[in-house]
Amino acid sequence: MPPIAKPIKLALVDDHTLFRKGLISLIEIVNIPFTILFEAGNGKELQQKITKEKEPDIILMDVNMPGMDGFASVQWLKDHFPLVKVLVISMIEKEETIVRMLKLGVKGYLCKDVEPKELGEALQAVMNKGFYYTDFITGKLVHSLQNDNPDNPHSSSLAQLNERERDFLQLACSEMTYNEIAARMFLSPKTIDGYRNALFEKLNVKTRVGLALFAVKHGLVSL
C-alpha cells in the first residue's frame, strides 16, 4: 500500500481519557505521519469541537458513550460533515452493533485490543481506499444480509459464472483469507487473484465487501 504523503488529520471520540492517550501512543508506534486535531468524550463534545477549519480526515470513535453515543454521532456527522471518515474502535463485537455501524457508513470497525500493525494498516487503507473491512467484518455483514433476505430470488448474473468461479464466490463470502481460499481450492494465490478480478469485472463491484453484498442480494450464494 502506498505511503501517506501528508499527515493524517485525526480526532478521537471516546469517553475514556486513558484509552485515548493509549491510542495516540499506538499510532506513534506505527510511525505514520499524523496530527490530532482534538479529542472528545462523546458526540456532544464532538459537535462543540469540530469545525470546517478543524475538520479531521478520520475520526476514531467508540460506540458506547454517555450523552451521545457512536450511532448518533455517526448519523450527525453524515448530516453535517459527510466527508469525514469514521473508524470505529470498540470492545463490542455483537453482530447487530457492527452491522448497524456499517450501514450508517463507517469505514472500518476494530476491536480495542487491536495490534499497532493492524491499526496502521486500517488508517492507511481508510485514507488510500476509503475503507478497511476485515474478513471478520465481511462475514458479519454477509450473515446479517442473508438473514434479512432469506427468499431473495436468483439473479440472471449467475449464468455468467463458471463452476470454479461459483466455488470461489462461496468461499469469498466466508471469513477465510484469500490464501486460505487458495489452499482450499488447491490453486495458487495468483490464480485466486485472477478469479477475484474476473468476478469484480463481471459483477461490477470493486471490493470483497461489494462482491459479498452483490452475491447475497442476488441469491448467488447460500451460507
Side-chain angles (χ1 to χ4, degrees), residues 1-37 39-40 56-65 70-71 73-74 77 84-144 171-183 189 192-193 196 206-213:
M1 184 174 296
I4 297 168
K6 59 182 180 179
I8 310 175
K9 293 180 292 184
L10 298 174
L12 280 59
V13 183
D14 190 294
D15 58 320
H16 294 99
T17 303
L18 285 179
F19 177 75
R20 297 200 305 265
K21 302 306 180 187
L23 196 55
I24 293 172
S25 297
L26 280 184
I27 302 171
E28 290 173 343
I29 291 174
V30 176
N31 198 28
I32 290 177
F34 73 97
T35 180
I36 303 295
L37 296 186
E39 300 178 37
D57 297 312
I58 302 173
I59 292 180
L60 305 177
M61 185 180 296
D62 195 7
V63 177
N64 279 347
M65 297 178 288
F71 300 115
S73 300
V74 172
L77 284 168
V84 174
K85 302 175 180 67
V86 176
L87 178 61
V88 173
I89 302 184
S90 172
M91 289 301 296
I92 301 175
E93 295 188 34
K94 292 181 180 179
E95 180 175 297
E96 57 267 30
T97 298
I98 295 172
V99 172
R100 184 180 171 189
M101 273 296 194
L102 292 172
K103 288 182 177 179
L104 281 172
V106 303
K107 305 306 181 183
Y109 197 110
L110 300 173
C111 189
K112 281 192 173 181
D113 61 359
V114 62
E115 294 292 332
K117 181 176 182 293
E118 184 177 12
L119 178 59
E121 290 173 351
L123 289 171
Q124 291 195 75
V126 170
M127 282 300 295
N128 293 329
K129 299 192 299 183
F131 65 91
Y132 179 76
Y133 296 147
T134 63
D135 293 338
F136 169 73
I137 297 304
T138 302
K140 293 284 189 185
L141 186 56
V142 168
H143 182 259
S144 173
L171 296 174
C173 291
S174 72
E175 296 181 20
M176 297 175 67
T177 66
Y178 286 128
N179 284 339
E180 289 170 339
I181 292 173
I192 289 299
D193 287 344
R196 178 195 62 204
K206 297 180 180 179
T207 67
R208 184 170 180 174
V209 172
L211 185 68
L213 290 174

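Quick note: residue numbers are just sequence positions, from 1. None of the values given here were measured: they were computed from a predicted structure.
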Checklist line | Residue pair Tyr132 / Leu110: nearest heavy atoms and the distance that separates them | finding: CE2-CD2, 3.7 Å
Notebook entry, point to check: Closest heavy-atom contact between Leu10 and Pro56?
Noted result: C-CB, 4.2 Å
Item checked: Minimum heavy-atom distance between Thr207 and Gly210, given as atom pair plus value -> OG1-N, 3.0 Å
Next item on the list: Can you measure from CZ (Phe131) to NZ (Lys206) and round to the nearest 0.5 angstrom?
Entry: 10.5 Å
Note to self: Please report the interatomic distance NZ(Lys85) to CG(Leu77), rounded to the nearest 0.5 Å.
What the structure shows: 12.5 Å
Checklist line | Residue pair Met176 / Ile181: nearest heavy atoms and the distance that separates them | finding: CE-N, 3.8 Å
Next item on the list: Write down the atom of Gly70, the atom of Met101, and the distance for their closest heavy-atom approach.
Entry: C-CE, 3.4 Å
Note to self: Tell me if the CD atom of Glu28 is crowded by more than 12 foreign heavy atoms within 6.0 Å.
What the structure shows: yes
Note to self: If I take atom CE from residue Met61 and atom CG from residue Leu87, how far apart are they, to the nearest 0.5 angstrom?
What the structure shows: 10.5 Å
Notebook entry, point to check: Got more than 12 heavy atoms from elsewhere within 6.0 Å of NZ, Lys117?
Noted result: no
Margin query: Check this for me: does any side-chain nitrogen of one of Arg100 and Glu96 sit under 4.0 Å from a carboxylate oxygen of the other?
Written below: no
Notebook entry, point to check: Does any N or O in the side chain of Asp57 come within less than 3.5 Å of the main-chain N or O of Lys9, such that one atom is a donor and the other an acceptor?
Noted result: yes
Note to self: To the closest 0.5 Å, what do you measure between CG (Leu213) and CZ (Arg208)?
What the structure shows: 12.5 Å
Notebook entry, point to check: Is there side-chain contact between Tyr109 and Val99, with heavy atoms separated by less than 4.5 Å?
Noted result: no
Next item on the list: Flag the pair Phe34 / Ile58 as yes when at least one side-chain heavy-atom distance between them is below 4.5 Å, and no otherwise.
Entry: no
Next item on the list: Supply the atom-to-atom distance His16 NE2 to Asp62 CG, rounded to the nearest 0.5 angstrom.
Entry: 7.5 Å
Notebook entry, point to check: Can you find a pair of side-chain heavy atoms, one from Tyr178 and one from Pro189, that are under 4.5 Å apart?
Noted result: no
Notebook entry, point to check: Can you tell me how far the NZ atom of Lys107 sits from the CG atom of Leu123, to the nearest 0.5 Å?
Noted result: 15.0 Å
Would you give me the side-chain donor-acceptor pairs under 3.5 Å for residues 19-27, sequence neighbours excluded?
{"unit_1": "Arg20", "atom_1": "NE", "unit_2": "Glu39", "atom_2": "OE1", "d": "2.7"}
{"unit_1": "Arg20", "atom_1": "NH1", "unit_2": "Asp14", "atom_2": "O", "d": "2.6"}
{"unit_1": "Lys21", "atom_1": "NZ", "unit_2": "Glu39", "atom_2": "OE2", "d": "3.0"}
{"unit_1": "Ser25", "atom_1": "OG", "unit_2": "Lys21", "atom_2": "O", "d": "3.2"}

Checklist line | Glu180 side chain to Thr177 backbone, donor-acceptor under 3.5 Å | finding: yes
Check: Can you name the nearest heavy-atom pair linking Ile32 to Gly120, along with the distance?
Finding: CD1-O, 3.5 Å
